[in-house]
Amino acid sequence: MLAQVSPWHAHAAQRLATIPAHALTAPARMEWSTHPGLGPGAEILGPDLRHRHILELGCGPGHNIAHLAQHHHAHATGVDLVGLQIRRARSHYGHIDGVTFAAGHALHHLQAAGRTFDVIYSVFGAVGLVAPELLLAEISHRLAPGGVLAFSVPHPARAGRHPSTDDRPREDYVTMPDHTRMPVARWEFDAHHWGAHLTRTGLSVTAALDLRDPHCDPWPTTLLIIARKR
Ligand SMILES: C[S@@+](CC[C@H](N)C(=O)[O-])C[C@H]1O[C@@H](n2cnc3c(N)ncnc32)[C@H](O)[C@@H]1O
């Protein structure tokens, strides 16, 4: 697990060196991919998120957390492995009511949480970067009955690749702000394979969406999965 800290720390350090953190207004839309405006927004998390307890695993600079607290009046907590990201998120959005940011590993944060959540989500975050049999079981444990898990991951068929046929992670790369790349282990499942893992932990898939940027490749770029706790 510690091996994964380094690329994410390096990414945050480079980003902070070029763009200093300052207070921002919350984005008007929730994004599930790296292409703004692509696919659904926060509506997939439920019709009324007011006062709902929401947790993001791998929140980075916290844009989606800020959106959910500011525009939907949710109690939104963002967790990230990298303390620098949490400092950056607090500088951007710490002034918004209902927002909490915490540094830590997603798995450990869930294990230590003394409460359940109505919604847990990840946007290119911890889901896909942590062993699914461990992380999905802990997510299911911390979701209230009927609660929603939604996560987006780089599409396993992006740029002509093929999804994994086994349960092992693959070597992938994180592209740094300076365009260099650092290796990272990633679980690259298709929707069916994610569905099998989710079912084992007491979650049922309600939708799986392939998002593709019409101006880019012919291949989908993002896989978005929505599941519900039974
Ligand atoms: C590609 S960024 C996405 C950030 C954010 N979700 C967004 O959409 O802007 C991935 C983030 O996940 C965090 N991360 C990676 N592994 C994690 C883990 N095991 N627990 C918590 N955060 C993690 C990284 O530090 C990084 O900030």
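Order of listing sets the numbers, starting from 1, for every ligand and every atom in it. Count residues from 1 along the sequence.
- A cation-pi contact, defined as under 6.0 Å to the ring centre and within 45° of the axis, links Arg115 to Phe117.
- By the 4.0 Å heavy-atom criterion, Glu56 is counted among the residues contacting ligand 1.
- In this comparison of Tyr121, Phe124, Phe151, the heavy atom closest to atom 1 (C) of ligand 1 sits on Phe124.
- Distances shorter than 4.0 angstrom do not occur between any heavy atom of Ala12 and any atom of ligand 1.
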(message) Run the salt bridge (Lys or Arg N to Asp or Glu O under 4.0 Å) test on Arg15 and Asp178 for me, step by step, so that the C-alpha distance in whole Å, both residues' side-chain angles and the decisive distance to 0.1 Å come before the verdict.
(response) CA-CA 9 Å; Arg15 177 70 76 213; Asp178 69 1; over 6 Å; no
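- There is no side-chain donor-acceptor pair under 3.5 Å between Arg228 and Thr206.
- Judged by distance alone, the side chains of His63 and His92 never bring a donor and an acceptor atom under 3.5 Å apart.
- Close approach to His105 involves these atoms of ligand 1, each under 4.0 Å from a residue heavy atom: 19 (N), 20 (N).
- No side-chain donor-acceptor contact under 3.5 Å links Asp190 and His162.
- Every heavy atom of Leu57 sits 4.0 Å or more from the atoms of ligand 1.
- For the residue pair Asp167 and His193, a side-chain donor N or O sits within less than 3.5 Å of a side-chain acceptor on the partner.
- Heavy atoms of His63 stay at 4.0 angstrom or farther from ligand 1.
- Residue Gly58 has at least one nitrogen or oxygen atom sitting less than 3.5 Å from a nitrogen or oxygen atom of ligand 1, judged on distance alone.
- Annotation: Asn64 places no N or O atom under 3.5 Å from an N or O atom of ligand 1; distance criterion only.
- Near Gln85, meaning under 4.0 Å from one of its heavy atoms, ligand 1 places the atoms 27 (O).
- For the residue pair Val153 and Gly128, the shortest heavy atom distance occurs at CG1-CA, 4.5 Å.
- Surrounding CZ of Arg142 are more than 12 heavy atoms belonging to other residues, nucleotides or ligands, all under 6.0 Å away.
- At least one N/O-N/O distance between Ala106 and ligand 1 falls below 3.5 Å.
- Using cut-offs of 30° and 60° for the angle between ring planes, the Trp8 and His11 rings count as tilted.
- For the residues Leu81, Val130, Val123, the heavy atom positioned nearest atom 22 (N) of ligand 1 is part of Leu81.
- Every atom of ligand 1 with a heavy atom of Leu129 under 4.0 Å away is listed here by number and element: 15 (C), 16 (N).
- Those atoms of ligand 1 with a heavy atom of Val82 less than 4.0 angstrom away are 25 (O).
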